[in-house]
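Structure record follows, encoded as structure tokens.
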Amino acid sequence: MSFLIPCPHCGNRSVYEFRFGGEVKQRPEAEAPAEEWMEYTYTKANESGVQKEWWYHRSGCRQWLQARRNTTTNEVLEAFFPQ
Amino acid sequence: MADGSGKFTFEFDGKPVEARPGDTVASALYRSGRRIFTRSFKYHRPRGLLCMAGKCPNCLVNVDGTPNVRSCVTPARNGMHVRRQNAFPSLDHDWLSGVQRFDWLMPVGWYYKTMTHEWSWHAAEPYIRKVAGLGVAPEPGKGSTDYEHEWRHAEVAVIGGGPAGLQAALELAQGGAQVTLVDDQSELGGHRRYRKSAGGVPSQLIAQLQSLSSVEIISRAHCFGLYEGNLLGVVQANPHAGAIERLIHLRAKRVVVATGAYEVPFPFENNDLPGIMLSTAVQRLIRLHDIKPGNQAVVVANGSQGDEVTADLREAGIELAGAVTPDQVLSALGSSHVAALRTKQGELACDLVVICGPRVPDGGLLHQAGAKMAWNEERGAFLPLGLPANVSAVGEVTGVWLAPAIPLPPRDLAFHKRSFVCMCNDVSTADLRDAISEGFDQIETLKRYTTLTMGPCQGRMCQLSGIGVCAHETGRSMGETGVTTSRPPNPSVSLGALAGPRHHPTRRTPMHYAHDESGAVWMDMGEWKRPRYYKSASAAAERACVEEEYRAVRERVGLIDVSTLGKLDVKGHDAGKLLDKVYTNRFSDLKPGRVRYSVLCDEAGIMLDDGTISRLAENHYFITTTTGNLDFVEQWLEWWLVGTGWDVHITNLTGGRGAVNLAGPKARDVLQALTACDLSTKAFPYMACREAEVAEVPALLLRIGFVGETGWEIHFPAEYGEHLWKKLLETGKSLDIRPFGVEAQRLLRLEKRHVIVGVDTDALSSPYDAGMAWVAKLDKADFIGRNALSRLAEAAPPQSLIGFIMNEDAIPQDGAAILVNGALAGRVTSSRYSPHQGKAVGLAWVTSASASAGAEIEIRVNGGTARARIVPDAFYDPAGDRLRM
């Protein structure tokens, strides 16, 4: 694993500068049914292809960003600060 | 020492060997008369120089304690110590060479066929390890650590300093690119250094490149891997005196592979005897080292392919005993060195057999990068197809100028146990045939069953022949048989280079040297150094020292350095809102000047960290986290802020602030002497915080009680650490103050049943089963983990964290098993001898059914069991009166 992530603040950087933060998911409402919470807490889509992920630029700008990465090729299509 | 001619000496197996400038270890040894360089992996057969290019396993030696060094490409240095491997008592007379007489006892897949009982491998392994193998790794702690790591970036990386690589580098540089050229030889020029007919070293081209400031040249460096994002793994030998190897992490926008092609042998009986060499090895010895490799040579070549080396042999004054084509060769004769070549026309006496073998494009890097390796009949080679973007190939690696040297697959193949395909692991044509007949007829399974291509050469010498044998036996074509996957590292890399230098980042607290003066015994906590305890004048054993420190805190006053706590300053209008959302306790209603404890849970309700949060002002909080979780907590808070638009600013003050905890019944007397702040319980109650000067240092005082006595956690700018520490000790001297370490602190907190998250809890612990239900404020509208916690609050937990007191004198170890009615029912998380109880106490997880107060449990101690009883309260001051005094 040695791919690059185009940090919107720092530019193309080695993945080793980042911490993986998991798939981007929508947190359910506080009173949402248990199934929804279970889905959110425990289930991963683990997409074979492009998925949206959280990454933290630990050894750089120390900001959380989101990236669209192809999990089979490790190509990062884009990285951006979520609005 | 080097004399006027530049000659110098090094040691081989204790004897001096003379070397000339430009010599490699192998060339100097060869000139000194050495012919056997190694003993083979399984059969201890004698092996001599084969490739002279760092590609085969035949010349591996131990250099200055480092095993498996390729002597043919390692420059000889004055005074180096070189030793043989895997031979006793010497390379020339290896007692274990008798093993080869029993090779019929070792069929392919020998381990699988003989080690069929569990005990057989255990019984045989130690002997096999002694008999078989390559070099021996240095003993732990004895190996050299003189390895370096370097990170480089290049616009274009050109791999290979032969004519194609040089030309590519020059054209790219002239086109404006910044170029890094990596070459594995000591001098540039590739095959033109030793092949006379190729036109000699292109010195003008090299001079031109060297004059360009945009070109960087890394010599004696082999590239072993091409990874994602065009990251190249490069190992440079002897980058400077005092460094064995340097691992270069080379990142390039574009990679040009110009690794050329190398020559490989082909199988026939006894094809591994010393004196049987590849033609390029012969040329290297003659042209690069001015060595006459033999006296009588036989050249094995197809058509005109032997002309060039034949001319070189003549020029070197070597008699030509014959020239034959590969299909005429039957076997080589000789015991420790080749004496004759048996051909279909008869025997040819000789001391050198020159093999003009097939030339293999060195496409491993391209294969790793994703290229497909496709068989090309016309070139007699597998050629890379479909290169990924930003990777290109030039020169012989693409297959240009190549021509088949032998028919592939071979037409009439002789199977013999000593007709070697793989020199690394002693795999013969007969082994491959047997494996295929046993069903391993796909190249990838054949590889795994026979270990073909899995030795130090990583298939470079044997892959083509192996595919040929497989194709021959299965009746498939070369292309249908295909190649095995190339994976880094190729060639093999020393573990020392990958491990790199031993750099352990260490963090020291501001009072580090004051602790040293007080006789601290250190322990590591992540990157931090912390005093475990302090050596006492009156006690020697750790337990006695810890107990003295314990008594100081319980009876008088003690001082501990807690600077390693994570410290986060949280400011902003929405700071309280963020803390309410992330922590389980409530903070928006906390009054300024007050402190509250909380845990932090994930969405599954599992406790991730704990700490105190002080409200310093309306929009200003101060968080402490556990030492190891600071980074996580800071990132966790930042993460939950993303996208909220909330006005919160988090500053990590951990390195900038020192902290101590002053605790004990006399703590107030000490601190009051140094501050104007009123410390009376009325003015400064338990769980309150104040900003005040202590010994003229601006400080934040938190009245909290991890150790269970009246005390203050004092936070202050790190640069005043030593001053404040010494001032507190000086002021407390008349009260017999003692500094105390982590071990005493753990004992003190255990008596109070204060949980350490991550020690007493694990990845399945919620506040409910840890007996801390009060910390989860389910009436808050929403917070991280609320949904799961509200469910856990209603369910009976399967396990509970309980406190126990031993009935006997035994002290259980952390992690000890707990038995109820003889059945396993849980485990101890922390246990210490409690001076207050006069018995060991501890915390443990037990099944909730067994967790009732007063119940008796058994704990595994020293191989037996000891009895303990479950108690509901803290082991010391359960009402907490001493905290509030």
Side-chain angles (χ1 to χ4, degrees), chain A residues 1-6 8 11-44 52-67 69-76 79-83, chain B residues 149 151-153 225-233 249-253 368-370 388-390 488 580-582 601-606 630-645 650-652 778-792 794-795:
Chain A
M1 192 182 71
S2 65
F3 58 95
L4 299 168
I5 296 178
N12 249 339
R13 295 302 184 96
S14 161
V15 64
Y16 287 99
E17 293 187 10
F18 297 82
R19 172 192 148 188
F20 181 57
E23 300 167 6
V24 174
K25 292 178 175 184
Q26 183 61 45
R27 188 171 184 262
E29 292 297 319
E31 304 304 333
E35 293 70 35
E36 236 177 90
W37 274 101
M38 205 212 53
E39 187 73 17
Y40 171 72
T41 308
Y42 296 106
T43 315
K44 310 273 181 285
K52 207 156 127 188
E53 299 166 340
W54 286 102
W55 289 87
Y56 178 75
H57 199 181
R58 181 171 47 188
S59 311
C61 56
R62 300 179 70 83
Q63 293 185 76
W64 281 100
L65 50 99
Q66 290 181 356
R69 178 178 67 106
N70 186 325
T71 58
T72 59
T73 63
N74 275 341
E75 187 189 356
V76 179
F80 50 91
F81 292 130
Q83 290 309 305
Chain B
H149 278 202
W151 280 260
R152 277 178 186 252
H153 295 264
L226 172 49
Y227 301 87
E228 286 168 345
N230 280 352
L231 177 69
L232 293 151
H249 308 240
L250 175 59
R251 179 82 71 168
K253 275 188 187 154
Q368 288 170 22
N390 298 318
D580 271 358
K581 181 172 179 182
V582 174
C601 289
D602 65 10
E603 292 284 20
I606 303 304
L630 164 73
D631 285 346
F632 163 76
V633 174
E634 188 188 1
Q635 290 161 23
W636 184 251
L637 289 168
E638 293 281 6
W639 191 52
W640 286 106
L641 262 184
V642 174
T644 59
I650 301 165
T651 311
N652 182 353
L778 295 179
D779 54 338
K780 282 200 290 182
D782 188 18
F783 62 90
I784 310 309
R786 179 179 178 271
N787 195 277
L789 287 168
S790 59
R791 270 168 239 286
L792 288 167
E794 284 157 24

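Chain A is the first sequence line, chain B the second, and so forth, proteins listed ahead of strands; every chain is numbered from 1. Only heavy atoms go into these numbers, but all of them, side chains included; no hydrogens, no water, no symmetry mates. Since this is a predicted model, take the numbers as computed values, not measurements.
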Looking at [Y], is its backbone amide N or carbonyl O close enough to the side chain of [X] to form a donor-acceptor pair, meaning the two atoms are under 3.5 Å apart?
X	Y	value
A:Gln66	A:Trp54	no
A:Glu17	A:His57	no
B:Arg251	B:Arg152	no

Proximity breakdown for [X] and chain B, heavy-atom pairs closer than 4.5 Å:
X	answer
A:Phe81	neither
A:Met1	both
A:Thr73	backbone

* To do: Let me know if B:Ala781 has heavy atoms under 4.5 Å from chain A in its side chain, its backbone, both or neither.
  => backbone

* Residue pair A:Leu65 / A:Phe18, side-chain heavy-atom distance below 4.5 Å -> yes

* Any side-chain heavy atom of A:Arg69 within less than 4.5 Å of one from A:Thr71? -> yes

Could you list the donor-acceptor pairs under 3.5 angstrom formed by side chains in residues 634-641 of chain B, with sequence neighbours left out?
{"residue": "B:Glu634", "atom": "OE1", "partner": "A:Arg62", "partner atom": "NH2", "Å": "3.1"}
{"residue": "B:Glu634", "atom": "OE1", "partner": "B:Asn652", "partner atom": "ND2", "Å": "3.4"}
{"residue": "B:Gln635", "atom": "OE1", "partner": "A:Arg19", "partner atom": "NH1", "Å": "2.5"}

* **Contact residues of residues 25-34 of chain A (partner chain B; heavy-atom separation under 4.5 angstrom)** => A:Arg27, A:Ala30, A:Glu31, A:Ala32, A:Ala34

* Hey, what's the ring geometry for A:Tyr56 with A:Trp64, parallel, tilted or perpendicular (30° and 60° as the breaks)? -> tilted

* How many angstroms lie between atom CZ of B:Phe783 and atom CG of B:Asp580, to the nearest 0.5 angstrom? -> 10.0 Å

* Structure fact -> Looking only at B:Asn230, B:Asp602, B:Val642, B:Leu231, most heavy-atom pairs under 4.5 Å shared with chain A are made by B:Val642

